Visitor: 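Below are the structure tokens for one structure; questions will follow.
Because the structure is predicted, anything quoted here is derived from the model rather than measured. Ligands are counted one by one from 1 in listed order, and the atoms in each one are counted from 1 as well.
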Amino acid sequence: MPIDATQPYDDSNIFARILRGEIPSKTVYEDEYALAFHDINPLSPAHILVIPKGSYVSWDDFSATASDAEIAGFVRAVGKVARDCGLVEPGYRLLANAGLNSGQEVPHLHVHIFGGRPLGPMLSS
Ligand code: AMP
């Protein structure tokens, strides 16, 4: 079910549980501001999710309320993960679903990193 990006943060969401270590994930990178792990249902050879450590429902919530340090730390982490995974030279795509029309399912901000093959058109429909 797509989530409403304006809903309050729900601490029981699956990525909050991954952050608390209650559910395993295949970690790619971790620092003070971000955790990156492999998507459980990869849509491309490289499909990594990067999430902020803070409790933010969506890009809207994060961009409006996170501190400058959290925003800088998170954006740098996304770039570092792509770089460290060798995706810069072949190219990659970032995607962050936000709210109902996007189909966002997990109510904790996540940026998808897709790569490892030509990714086709931006939207399928
Ligand atoms: P979105 O539709 O943008 O909210 O994307 C949610 C993503 O989370 C999907 O690509 C799922 O495959 C992925 N996902 C859901 N549960 C897990 C999990 N436990 N570990 C890793 N990825 C997950």
Side-chain angles (χ1 to χ4, degrees):
M1 273 286 280
I3 65 109
D4 175 350
T6 64
Q7 71 185 45
Y9 189 80
D10 173 4
D11 216 29
S12 68
N13 78 76
I14 194 135
F15 293 169
R17 298 184 67 199
I18 285 174
L19 280 171
R20 290 196 296 269
E22 296 168 6
I23 291 181
S25 68
K26 290 188 179 164
T27 302
V28 173
Y29 175 76
E30 181 167 16
D31 66 19
E32 181 183 352
Y33 297 107
L35 176 70
F37 51 91
H38 291 286
D39 196 290
I40 204 166
N41 182 26
L43 299 176
S44 54
H47 185 175
I48 297 162
L49 301 174
V50 190
I51 67 174
K53 290 227 167 144
S55 302
Y56 299 101
V57 174
S58 67
W59 186 265
D60 179 68
D61 183 17
F62 185 69
S63 60
T65 65
S67 69
D68 290 356
E70 287 175 296
I71 291 171
F74 181 68
V75 171
R76 288 198 188 282
V78 173
K80 179 169 173 49
V81 169
R83 218 173 294 124
D84 290 354
C85 291
L87 297 174
V88 174
E89 192 269 327
Y92 63 96
R93 179 173 294 161
L94 302 180
L95 183 147
N97 289 316
L100 295 170
N101 273 351
S102 75
Q104 180 182 358
E105 291 194 339
V106 180
H108 182 115
L109 170 63
H110 46 286
V111 169
H112 298 254
I113 303 177
F114 297 105
R117 64 167 169 79
L119 294 166
M122 198 125 62
L123 295 176
S124 62
S125 60

Visitor: What closest approach, in Å, do Asp61 and Ser55 show between heavy atoms, and which atom pair accounts for it?
Guide: OD2-O, 4.0 Å

Visitor: Report the part of Leu49 in contact with ligand 1, treating N, CA, C, O as backbone and CB onward as side chain, heavy atoms under 4.0 Å; options are side chain, backbone, both, neither.
Guide: side chain

Visitor: Geometry only, no angles: is His112 polar-contacting ligand 1 at N/O separations under 3.5 Å?
Guide: yes

Visitor: By number and element, which atoms of ligand 1 are closer than 4.0 Å to a non-hydrogen atom of Gln104?
Guide: 4 (O)

Visitor: Is it true that a side-chain atom of Gln104 and a backbone atom of Val57 form a donor plus acceptor pair closer than 3.5 Å?
Guide: yes

Visitor: Phe15 and Leu19: side-chain contact (heavy atoms from CB on, under 4.5 Å), yes or no, with the steps?
Guide: CA-CA 6 Å; Phe15 293 169; Leu19 280 171; 5.8 Å; no

Visitor: Where the closest heavy atom to atom 12 (O) of ligand 1 is concerned, which of Leu43, Asn13, Asp39 has it?
Guide: Asp39

Visitor: Pull out every atom of ligand 1 sitting under 4.0 Å from any heavy atom of Asn41, numbered as shown with elements.
Guide: 12 (O)

Visitor: Would you please determine whether His110 falls within less than 4.0 Å of ligand 1 on a heavy-atom basis?
Guide: yes

Visitor: Using a 4.0 Å cutoff against the non-hydrogen atoms of Gly103, which atoms of ligand 1 qualify?
Guide: 2 (O)

Visitor: When you measure from the heavy atoms of Ser25 to every atom of ligand 1, does any distance fall below 4.0 Å?
Guide: no

Visitor: List ligand 1 atoms under 4.0 Å from Phe37, heavy atoms only on the residue side.
Guide: 21 (C)

Visitor: Is Ile40 in polar range of ligand 1, meaning some N or O pair under 3.5 Å apart?
Guide: yes

Visitor: If only atom types and distance count, is the side chain of Lys53 paired as donor or acceptor with the main-chain N or O of Asp31 below 3.5 Å?
Guide: yes

Visitor: Note the single closest protein heavy atom to atom 8 (O) of ligand 1, along with its residue, its atom name and the distance in Å.
Guide: Phe15 CZ, 3.4 Å

Visitor: Would you name the heavy atoms of Ser44 and Phe114 that are closest together and state the gap between them?
Guide: OG-CD2, 3.4 Å

Visitor: Which heavy-atom pair separates Ile48 from Cys85 by the least distance, and what is that distance?
Guide: CD1-SG, 3.6 Å

Visitor: Looking only at distances, please establish whether an N/O atom of ligand 1 is found under 3.5 Å from an N/O atom of Val106.
Guide: yes

Visitor: Kindly indicate, with the supporting measurements, whether the criterion ring pair (Phe, Tyr, Trp, His ring centres under 6.0 Å) is fulfilled by His108 and His110.
Guide: CA-CA 6 Å; His108 182 115; His110 46 286; 8.0 Å; no

Visitor: Determine the interplanar angle of the Phe62 and Trp59 rings, folded into 0 to 90°, and report it as parallel if under 30°, tilted if 30 to 60°, perpendicular if over 60°.
Guide: tilted

Visitor: Pick one of side chain, backbone, both or neither for how His38 approaches ligand 1, counting any non-hydrogen atom pair under 4.0 Å.
Guide: backbone

Visitor: To check you understand the geometry: which heavy-atom pair defines the closest contact between Ala98 and Ser102, and what is its length?
Guide: N-OG, 2.9 Å

Visitor: In ligand 1, which numbered atoms sit nearer than 4.0 Å to a non-hydrogen atom of Asn97?
Guide: 1 (P), 2 (O), 3 (O)

